[in-house]
Every structure is written in structure tokens, then in C-alpha cells.
Amino acid sequence: MLDYEVLKLIWWLLVGVLLVGFAVMDGHDMGVGSLLPFVGRNDIERRVVINTVGPHWDGNQVWFITGGGAIFAAWPLIYATAFSGFYWAMLAVLWALFFRPVGFDYRSKIHDPRWRSTWDWGLFVGGTVPPLIFGVAFGNLLQGVPFRFDDNLVSTYTGSFWQLLNPFALLCGVVSSAMILLHGAIYLTHRTEGVIAARARRAACGAGLVLLLGFTAAGLCLLRIDGYAITSIVDPSALPDPLAKTVVRRSGGWFANYRLVPATMLVPMLAYLGTIAALLLLRAGRSGIAFVASALALAGVIGTAGVSMFPFLMPSSSQPDASLTVWDSTSSRLTLSIMLWAVLIFMPLIVFYTAWAYRVMRGKVTATDIERNTHSAY
Amino acid sequence: MISTHLVDLSRLQFAATAMYHFLFVPLTLGMVWLLVIMESVYVMTGKLVYKDMTRFWGKLFGINFALGVTTGITLEFQFGTNWAYYSHYVGDIFGAPLAIEGLMAFFLESTFIGLFFFAWDRLSRQQHLLVTILMAIGTNLSALWILIANGWMQNPVGAEFNYETMRMELTDFWSVIFNPIAQAKFVHTVSAGYVTGAMFVLSISAWYLLRGRDVEFARRSFRIAAAFGLASVCSVIVLGDESGYTVGEAQQTKMAAIESMWETEPAPASFNLLAWPNEAQQKNDWAVEIPWVMGLIGTRSVSLQIPGILEIKAKNRVRIVSGIEAAKALGRLRANRQDADARTIFEQHKADLGFGLLLRKYVTDFDQVTPELIERAVNDTIPRVTPMFWGFRAMVGIGFLMLALFALASLSTLRMQCERRRWLLKWALWSLPLPWLACELGWFVAEYGRQPWTIYGVLPTNLSVSTLSVSSLYGSLAGFVGFYTALLIVEMYLMVRFARRGPGSLGTGRYADEAAAQH
């Protein structure tokens, strides 16, 4: 079995990988859902749009489920504190997600235009609300969240739902939404042709510019937001106890890691380079590689939040010493070790058969395809 | 102290959303194998009708599956949103099977269900059959992992409390996986799902036969469903949960409540076929007993005794008193980790800590515990007998009713007589809701019977909740009721519509009502 300290670090990386996997895979079909009412102007066009992700959205959504399960198994305190603290935000995500399975599967089963348009907007909600809220959640994590623990580690969230919607958090929501829209629009450009592809390409350009501006603005705001720093000596291999350290708020604290290890600057650079490359490749008509570039951009944006905060995961603004970090939120060494094996065994298999599924369904989705399979297509 | 109102609302929300989710799960578990069977016959014989069967029943399967996915996410969210202390306290053990369920099962079923629906023209017959089989394996593996997690709640093996991290920690993963309760539950639950899938196909096929439409299609579907249903219902009954009921105290407590068995009887105990439990006086007002049967079912032996409720309570009283010592020592240890004396006491009584925590329902400070409060805690350790007793009997009764139906249906279809026996077809049609009723009753007995615990003997339900406001709970509960009602209406509407339209909805030109399918 690996050292506890090493396992804790690996799991920080693995949760990051799962979140990026979620953003790349579920992100592109959520982006498609957001764009659906705008790039598809009539029923056939909308069916084309939906069927680009029709065979895949369900598998992609499992990245989200598995990400949640992995956080439960690897960081039970984060799972408990964040999900209960962000109660209404999590319910909003959940209820928005309700529209997706039924929206995809039920929409085209009835011919009535009102029925179909209702589900189209349902898919819009299901694709738009979750990325927005996840961005807002990250914005709040960066500012610290008002929660405290009692002696028995019962957590209590002392804030309200509305205070989550502060300007900086909303800015992070915009960044998150823009990156998902960019990614979805590029995917759509790749899988469709004609007017739909043209509209998607325009949407991608707009979203890409918003992402570049928003990401920069968020970085500038972060200069004025206090970060957090541990002031006591931390033993990374100790048994997790979030109450055993002292923490202070410190101006510019979220830039400390970049000063300490300048190589980490590559992560925010990746966000910029990925986005710019995606836009240029899209202009050059290389939508397939543009998709890879925007996936790298997503990794850069999410990675930037992670690296800035490291080792913090969920700082507490009302009881800073109770902040949750990579070292004191994890499950036991045995569980981390078993879960690492599970990921190492299953993740390559998942990547393999997901790739196969995309390969089987490859090619552009066209109006003719829909008309030919009108009874079986979404 | 945690308000009982908050606990009750959290339980209500979890029970409602879990039971709602389980309206869709068993049909998925069972139908997916029927699809495998139908498609295998298609691949082997090349007869198009079997392909149409796979696609038509697959369509209905898809309508059901969508809501299974929708409502399943709720359950994963809810451990965190509404049961935060539970998630912290046992996440080290409970989280792992959930994560593995995602990695091993959900990815598999969800990736291949897309190909199942959309890749008919892009794959060879054999490849498509492989896709269907992988989807079936995925759905069933997900049941395995969630029932390993659930089995651990009933019989928490392979884990130990750590006072430094203030939670249960994993010590032996294999004993969590091979927990006998989890294995018994898995077999029983998936078999119940198979029965549900079989009943669904049987009932709707019976309806087509009664109306004399799409007869070839319906007759074949009826036959496959009857045979598969008969095998499955036998499996449910023979490999019932009872095999697991002697293992672990949670199950013994449930069994005593299910049987309304107040006193321990000399082995082998008699079975109360019917009885009138009187909870106030802790006895049965009257009972129809069958000698020996309970002992044989419950222990598979003639010499093992099954403990009655009063005996279980007496044991629990001892454990509660010991658990209070553990809880007091834990308080001292949390204040000062170096307190060697507290540590010795804690180690002595650690196994009963959960029983001590039952008192937290009544006091925050363990020095305030009185003998009356201990007595109340002892009474809390037994679930209410009446709903357990009748819930179990209703479930078993339905099981035997379905056994009779599937046996007769199989017999008639073998003799090619099912279309003439209209009473049998009608019976099959009207039996449609029965497996759902039995499934929900089964879950009720299993989970209500575990009260007052979330993790038997380890963590009382009362302490497991998130510290939320009661108004938040009312709000979310109202949201769930609203969404779920609307979703159910939409789902039932589509299900009835496509079931009525029948295989004509495929638009192949081979079935009745093709014109209607254009709209």
C-alpha cells in the first residue's frame, strides 16, 4: 500500500481528473442542450442537434455520478459538508438534471409541437443550470464558505442560499458556462453540417471570447480576494482531523502556489492557449482537433481553481481553522488505496468502450438520417 | 438536540424518493434480460418478429429507463444533502461501493444503452446482441453494488470506529463485499426485478391476445415472459431473504417483528400464519400457528433457537448501559486524546457505542441519563410490529399469487391453449401492479425494520441527518412531490400510449395500427 500522504495527493489529482472528465464529456452534451433552442430553428434541425448526443448523453452523465461517488468515497467530509451546505444549489442542479433523461427520450415520441418545444426548453435548462451553478460553487469555494464543525464533526452551514450569488461567484458562473458552451458548440460544429454547423461555429466564437475575458477578469478579482493559508505545522500523513490546524486569511493567498512552484503557471496558461487554439482551429475548419483543444482549455480552467487553492478544498470563512484540505478531509488509507485500484482497473476499460461507442456512431448527423429513422431517432 | 421533526421529514423525503425510484428499477432489471432472450432468439433463428419484439419492448424499456436514471441521481445526492453526518460517519465504507457502482456498472449500462437504441444499422447482429448483453450485465451489477452498500447498513461488518477521526473506518473490504446479507439481498432483489419484467410483458401481451391483435407477436412474447417469470418467481421465493435472516442482530430483530414473536420459543419455533399483534401489552391477542415451520425457514435447522422480541430487548438493555459508558469515555477522549483512563474504558465498551448514542435522542449530556430514558431507548430498538407483520405477509401472499399465475401461464402456453383461456389472460392483465406492490412492501419491511438505525448498532437514524432547517425540508419535499408527480403522469401517459399502439409503433409495416403510428 502506498504512503497515506502520497495517496491523499493522488486522490486530489484523481478527483481533478474526474471533474475534468465530467466537464469534457458531460460538458459537451450540456453545451449542446444549452444551444439547442438557438441553433435549431425548426423541428428537423432540433432533432439533428439532439441526435448528435442522443446515443452518448447517458454514458456521459455517469462522469457526474461517478465524480459524486468518488468524492463520497475519497473525501467524505467534503461530500457531507458541501452537499448539505449548498442544499438549495444542489437541489437546483438535481432538478435541472431531471429534464435531461426525459427530455432526450420523450421529446420525439409525440408529434405535438408544443410537447416538443417544452422538452427542448427542458433540455436547455438541463444543459444550462448545472454548469452555471458549478461555476458559482467554485466562486464561493475561492472566497470561503460559512460553515463550522462541533466537537463531534457535525457540520453546520451558517450562510443563506442568496449569499452564494455574490458578484465574484456569478463571474465564475459565467466563466464556467462559457467554457461549456464553447465546448458544446465545437462538438456540434464537428457533428453537423450546413446552417446548424455555421450557427454553432458563431456560438463557439462568442463563447470563446467570453471565456477569455471572464477568466482574465476572475483572475484580476482574485488579486483583491483574500486567500487562506495554514499557519500551523501540517503532518500530511496524519489521521484526518480538520480541527487540528490553524488557518488565517491572507491577501493574495491564492497566488502563493504559483510563486512557490512557478511551473504551476502552466495550468492557467493551458486555459488561455487551449481556448485560443480551439478558436483558431475552428476557423481553419479543423473542428475535431478544436474539440481536443477546448477539452484542454477546460482542464486548464478547472486546474487553475484547484492549483490556486491547494491544499485547500473548502475553506471555511466563519471558522477558518475548520477549513477542509487535501490532508484532513480524506477517507482512510485502506479505502483510498482500494479506490485507487478500482479506478486504475475500470477507467481504461471505460475510456476504451466509450471511444468504441463514439466510433460506431461517428459521422455527421443530417436531416436525411432523421427522416429515415423517424420512429427510432430522438 | 436534533429536532425529531427534522428527522421525520428527512426520513419521509428519503423513503418517498427511494420508493419512487424503485418503481422503475425492477422493471429495468428484469426487462433487460427479456430483451437479451428475445434478441438471442433473433440472432439464432433470423426471424424478424424477434427483432421487432426486442425493439418494441425495448421502446417501453427506454421510457421506463429514463425515469430510472432521473430518479437515481436523487438518491446519490441525498446522502450528502440530507444525511451529512451519516456521510461523514460511514462514508469511508459506504462511499466505496457507490463509487465502484459508477465505475463498474453505470458506465457500462449507460454507454451501451445508447448503442442498443441507435446502432441497429451500424453493428452486425452478433455485435448488437453483445451490446444488449453488456447493458444487461451493467444494470445487474449496479444492483449488486448498491445492495452491498445497503447490506452493510443492515450488518456492518469489516469496519471499526476510530475516535481520532470520529467515524467508522474500513478494516476488511472483502467481508463488506461478501457480507452474507448483501449477497442474499442481491439475489432476492434482482429476482424480484425479473418477476416485474416478466409480469409487464405477460400482462401487455395478454391484452393483445384478448383483443386478438398482433397475435403472432403477442403469443411469442407471452411465452417468453411466462417461462422467465416462472423461473424468477421460484427464485424469489426459494432464495428469499429468509436465508439471511439469521445472520446479524438487525435481521433477527426484523424477523422477530415480522413474525410478531414476543417470547423466545423452544426450537423449532412455530410460524404465525395470521395473528393480531398487541404492541402495548407485548403479546398477540390471537394467532394461527403452524408448528415447526418458522424454525425450519428461519434457521434451516430443528435445533437453533430464534430469539423473541422480549429477549432481544433484554440484550439491548445491557448494550445500551454499556454504550453509555463508551459514549462518556469518547467525550473525554475527544477533549483530551492523551487520557489513558478514558481510553481503557472506551476500548472496553466500544462495541456498544452505537447503543449508547440512542440516548442522544433524549439528552445531549450523558450524565443526565435516567433509568426511564434507558427504558425508552430499549423500546426504541424494536420497530413497530404491526406494519412489519402485515407488510411481510402481503408481500409473500402476492408472491404466491404470482407463482400460481406464472405456473398456469407456462402450462397453457406449452399446450398452445393460452388464447382460449380468456380468464387466464384477464388474470394476467389485472395482475400487472402486483410485482410493484410486492417490491415496495419488501423495501418497506427491510428498511422500516432496521429502525431506529441507519447503520444497525452503529449509528442511530436520529443522529444521521444534516443540520438543515425544517422549512428547507418542507420546501425540498414539496419540490420532489411536484416534480415526481408531473414526471409520473408524463411517463404513464407515454407508456400507455405506446403499449396500446403496440408493435405498430415501430413503423415496420408488419403490424396492426400502422396508420396511427404516423402521428
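Chain letters run A, B, ... following the sequence lines, proteins first, then strands; residues in each count from 1. Because the structure is predicted, anything quoted here is derived from the model rather than measured.
- Heavy atoms of A:R362 lying under 4.5 Å from chain B belong exclusively to its backbone.
- Using a 4.5 Å cut-off between heavy atoms, B:Y163 does not touch chain A at all.
- Interface summary for chain A: among B:W83, B:F118, B:F173, the most heavy-atom pairs under 4.5 angstrom belong to B:F118.
- If you measure heavy-atom distances from A:F161 to chain B, you find no contacts under 4.5 Å at all.
- For chain B, the option among A:M90, A:M347, A:H56 with the highest count of heavy-atom pairs below 4.5 Å is A:M90.
- Of the listed residues B:L134, B:I113, B:D121, B:V69, the one with more heavy-atom pairs under 4.5 angstrom with chain A than any other is B:V69.
- Contact of A:N60 with chain B is not made at all, since no heavy-atom distance falls under 4.5 Å.
- B:F14 and B:F480 have their aromatic ring centers separated by at least 6.0 angstrom.
- When ring centroids are compared, B:F107 and A:W63 come within the 6.0 Å threshold.
- Ring geometry for A:F104 versus A:W57: interplanar angle under 30°, hence parallel rather than tilted (30 to 60°).
- Heavy-atom distances place both the backbone and the side chain of A:F83 under 4.5 Å from chain B.
- No hydrogens or angles considered: a donor-acceptor pair under 3.5 Å links the side chains of A:S332 and B:D92.
- No part of B:V90 comes within reach of chain A, as not one of its non-hydrogen atoms sits under 4.5 angstrom from that chain.
- A:D105 and A:K109 are joined by a salt bridge, as a carboxylate oxygen and a charged side-chain nitrogen come within less than 4.0 angstrom of each other.
- Chain A forms the most heavy-atom pairs under 4.5 Å with one residue out of B:E491, B:E169, B:R167, B:K59, and that residue is B:R167.
- Residue contact with chain A, scored on non-hydrogen atoms closer than 4.5 Å, involves the side chain of B:F483 exclusively.
- When each of B:A119, B:G91, B:G80 is scored by its heavy-atom pairs under 4.5 Å with chain A, the top score falls to B:G80.
- Within the 4.5 Å cutoff, no side-chain heavy atoms of B:D52 are placed close to those of B:P503.
- Looking at A:T374, there are no atoms closer than 4.5 Å to chain B (heavy atoms on both sides), in backbone or side chain.
- Note on ring orientation: taking the six-membered ring where Trp is involved, the planes of B:Y86 and B:F79 are parallel (angle under 30°, cut-offs 30° and 60°).
- For A:I350, the part sitting under 4.5 Å from any heavy atom of chain B is the side chain, from C-beta outward, and nothing else.
- Using a 3.5 Å distance cut-off with no hydrogens or angles, the side chains of B:Q78 and B:T74 do not pair a donor with an acceptor.
- Per-residue heavy-atom pair counts under 4.5 Å with chain B were compared for A:T330, A:I345, A:T354, and the maximum is reached by A:T330.
- Of the atoms belonging to A:D328, not a single heavy atom falls under 4.5 Å from chain B.
- Contacts of B:I63 with chain A are made by both backbone and side-chain atoms, with heavy-atom separations under 4.5 Å.
- Contact of B:E109 with chain A is not made at all, since no heavy-atom distance falls under 4.5 Å.
- Note on A:A82, A:S155, A:A377, A:A73: by heavy-atom pairs under 4.5 Å with chain B, the leading option is A:A73.
- The line from CG of B:L9 to OG of B:S476 is 8.5 Å long, rounded to the nearest 0.5 Å.
- Contact annotation for A:I338: only side-chain heavy atoms (C-beta onward) come within less than 4.5 Å of a heavy atom of chain B.
- With a threshold of 4.5 angstrom between heavy atoms, B:L108 approaches chain A through its backbone and through its side chain.
- Not counting sequence neighbours, the partners of A:R100 by the side chain to side chain donor-acceptor pair (under 3.5 Å) test are A:D26, A:D29, A:Q61.
- Salt bridge annotation for B:D365-B:K328: absent, with no cationic side-chain nitrogen under 4.0 angstrom from a carboxylate oxygen.
- Within the 3.5 Å criterion, the main-chain N or O of A:Y87 finds no donor-acceptor partner in the side chain of B:T81.
- For the residue pair A:Y187 / A:R191, a side-chain donor-acceptor distance below 3.5 Å is found, with atom types taken as modelled.
- With a threshold of 4.5 angstrom between heavy atoms, B:L123 approaches chain A through side-chain atoms but not through N, CA, C or O.
- Looking only at heavy-atom pairs under 4.5 Å with chain B, the residue among A:L153, A:T156, A:I71, A:L97 that has the most is A:L153.
- Listed options B:F117, B:F116, B:F106, B:W120 were ranked by heavy-atom pairs under 4.5 angstrom with chain A; first place goes to B:F106.
- Relative ring orientation between A:F64 and B:F77 is described as tilted, the plane-to-plane angle lying within the 30° to 60° band.
- Looking at A:W115, only its side chain comes within 4.5 Å of chain B, counting heavy atoms on both sides.
- With a threshold of 4.5 angstrom between heavy atoms, B:I73 approaches chain A through its backbone and through its side chain.
- Between B:F161 and B:Y89, the ring planes are tilted. Angles from 30° to 60° get that label.
- The part of A:W356 that comes within reach of chain B is its side chain, from C-beta onward, which places non-hydrogen atoms under 4.5 angstrom from that chain.
- For B:F112, the part lying near chain A is the side chain, with the backbone staying farther off; criterion is any non-hydrogen pair under 4.5 Å.
- Every residue two or more places apart in sequence or in another chain that forms a side-chain contact (heavy atoms from CB on, under 4.5 Å) with A:R372 is listed here: A:D369.
- Contact tally against chain A (heavy-atom pairs below 4.5 Å) for B:S110, B:G102, B:G114: the top residue is B:S110.
- Of the listed residues (A:P76, A:S84, A:A70), the greatest number of heavy-atom pairs within a distance under 4.5 Å of chain B belongs to A:S84.
- Judged by a 6.0 Å distance limit and a 45° cone about the ring axis, A:K8 is positioned over the six-membered ring of A:Y4.
- Per-residue counts of heavy-atom pairs under 4.5 Å with chain B were compared for A:F346, A:F99, A:Y106; the largest is that of A:Y106.
- The minimum heavy-atom distance linking A:G103 with A:W119 is given by the pair CA-CE3, 3.8 Å.
- Only the side chain of A:L91 comes within less than 4.5 Å of a heavy atom in chain B; its backbone stays farther off.
- If you measure heavy-atom distances from A:M339 to chain B, the contacts under 4.5 Å come from the side chain alone.
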**Study point:** Test log, rule side chain to side chain contact (heavy atoms under 4.5 Å, CB included), inputs B:L115 and A:M361
**Key:** CA-CA 8 Å; B:L115 294 182; A:M361 302 308 299; 3.8 Å; yes
